[in-house]
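Below you'll find the structure, written out as structure tokens, and then a few comments.
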Amino acid sequence: MTARVSIGVSLKMYFGHSDARRWFDRVAELVAGHPAVADGRVEFFVIPTYLQVLPAVEAFAGTRTLVGAQDVAAWDRGAYTGEVGAPELAEVGVRVAEVGHAERRRLFGETDTDVAAKVETSLRSGITPVVCIGEADRVDAAAAADATAVQLCAALVGAPAGRVIVAYEPVWAIGGPEPAPVAHIATVAERLRAELDTLEDRDGSTVIYGGSAGPGLLARLGHSVDGLFLGRFAHDPDALAGVLDEASALADARSDAHSANTAVAS
Ligand SMILES: O=C[C@H](O)COP(=O)(O)O
């Protein structure tokens, strides 16, 4: 388990260009003044639409915020109309790329093979993939853990060495009024972390939770996840500030636990 806690936001296609730019300015000010983001205890990433990427890179310059893309082409470059490749994304400052979100799998027919190709090109281009996985139907936690472990393995087929951010998002909890139950999330996230721990060359990889996540959830989840992947409940910068405060408290608790363990071992 890393001491660092990750908080990510995907804006999906909710904001128009002006609204997105206003949100970037508000949030850039917020994170610039947030000690835990400023000193790296909390990793913060923002994933706007492709067209909003460059203004986001500009707005968040100097704040340690990682700007991401909501998708990435499965190929580096060539005759792929409408696509954007990882090398170009990296060239303009994109640091993370969302791969295999439930909406892309459901609405655009993305398969595990597509997801694996996108993970591969991202890592090869120096971009950290945010690998989205989650069970489609509301099954019990053990079945969800089994299903998502299979998805994770499929996403990493052929992937070069490097850190991945695994976003566990039960499909049935996305876009709803509330997140999945804490015990369910904890069971699945712990299984996914255990799977990652068996893999070589995945140092620093993290498991975060998404699906109607908002203020109050991280404090209840505690050490069972490495952070959250927010959607609608980050549109209000004040709500996002609350989540960042919870992330800061969790990062401090992890750091204390790590120090205590080190002291016992020596
Ligand atoms: O990308 C983010 C997730 O799909 C969660 O979105 P949501 O919190 O609006 O359900």
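In this chain, residues are counted from 1 in sequence order. In listed order, ligands and their atoms are each counted from 1. Computed from a predicted structure; not experimentally measured.
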Compute the shortest N/O to N/O distance between [X] and ligand 1 and return yes if it is under 3.5 Å, no if not.
X	value
Tyr14	no
Gly175	yes
Lys12	yes

Taking only heavy atoms of [X] into account, list the atoms of ligand 1 that are under 4.0 Å away from them.
X	result
His101	1 (O), 3 (C), 4 (O)
Ser212	7 (P), 8 (O), 10 (O)
Glu169	1 (O), 2 (C), 3 (C), 4 (O), 5 (C)
Ser10	1 (O)
Ile174	4 (O), 10 (O)

- Closest protein heavy atom to atom 9 (O) of ligand 1, given as residue, atom name and distance to 0.1 Å: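 The closest heavy atom on the protein side is Arg232 NE, 2.6 Å.
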
Any donor-acceptor N or O pair under 3.5 Å, side chains [X], [Y]:
X	Y	answer
Arg193	Ser205	no
Asp76	Thr121	yes
Ser248	Asp245	no
Arg163	Thr206	yes

- Item | Which atom of Ala159 lies closest to which atom of Leu123, heavy atoms considered |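 That would be CB-CD1, 4.0 Å.
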
- Does Phe229 come within less than 4.0 angstrom of ligand 1, counting non-hydrogen atoms of the residue?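 Right, Phe229 reaches ligand 1.
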
- Query: Is Asp238 atom CG crowded by more than 12 heavy atoms from other residues, nucleotides or ligands, each under 6.0 Å away?
  - Reply: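 Buried by this count: over 12 neighbours within 6.0 Å.
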
- Message: Just checking Glu103: does its CD atom have more than 12 heavy atoms from other residues, nucleotides or ligands closer to it than 6.0 angstrom?
- Response: yes

